[in-house]
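Just below is one structure, and these are the notes that go with it.
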Amino acid sequence: QVHLVESGGGLVQTGGSLRLSCAASGRTLSRFAMGWFRRPQGRQREFVAHISWNGDQTYYRDAVKGRFTISRDNAENTVYLQMNSLKPEDTAVYFCAADSGPPPSYTDNYFPTSHEYDYWGQGTQVTVSS
């Protein structure tokens, strides 16, 4: 069993930055692909970013490319999401998730769904004021 805990959310003005962390306990994350998702109020949960188990592959939804960076520190059992140039439309609850299955077949347009992940954190609120 893997227990994921997100932190780092908060209230920030447009153009500001936040760094989200996802700390894991129970099992090492070193062989898990990891993802970040978000759920804007009144909307479905959506993919934000994904990182392979060794950090060599990263993927993002178009709306955050160039602004968000996913990274991981397997020694610390932690995954991060650095969010820069934040916009009001980034306001959402952000979740991290772990995929304990075999490595995905990565393609240039890889876009995972939530069903590919086995473990989820409780989420952290990010609010961007205009």
Atom [atom1] of [X] and atom [atom2] of [Y]: how far apart are they, to the nearest 0.5 Å?
X: Arg45; Y: Arg38; atom1: CZ; atom2: CZ; answer: 14.0 Å
X: Ser25; Y: Gln1; atom1: OG; atom2: CD; answer: 9.5 Å
X: Leu81; Y: Tyr94; atom1: CG; atom2: OH; answer: 7.5 Å

Strictly under 6.0 Å, is that where the ring centroids of Tyr59 and Phe47 end up?
-> no
With a 4.5 Å heavy-atom cut-off, do Asp118 and Val2 have their side chains touching?
-> no
pair Trp36-Val79: side-chain heavy atoms closer than 4.5 Å | yes
What are the two closest heavy atoms between Ala24 and Arg27, and how far apart are they?
-> CB-O, 4.5 Å
Which atoms form the tightest heavy-atom contact between Glu6 and Gly123, and what is the distance?
-> OE1-N, 2.9 Å
Check the pair Lys87, Asp90 against salt bridge (Lys or Arg N to Asp or Glu O under 4.0 Å), reporting the backbone distance first and the verdict last.
-> CA-CA 5 Å; Lys87 305 175 181 180; Asp90 295 317; over 6 Å; no
Set of residues satisfying side chain to side chain contact (heavy atoms under 4.5 Å, CB included) with respect to [X], sequence neighbours excluded:
X: Ser7; result: Ser21
X: Glu76; result: Asp73, Thr78
X: Thr127; result: Leu11, Thr91, Gln125

In this structure, which one of Tyr110, Tyr60, Phe68 forms a ring pair (Phe, Tyr, Trp, His ring centres under 6.0 Å) with His50?
-> Tyr110
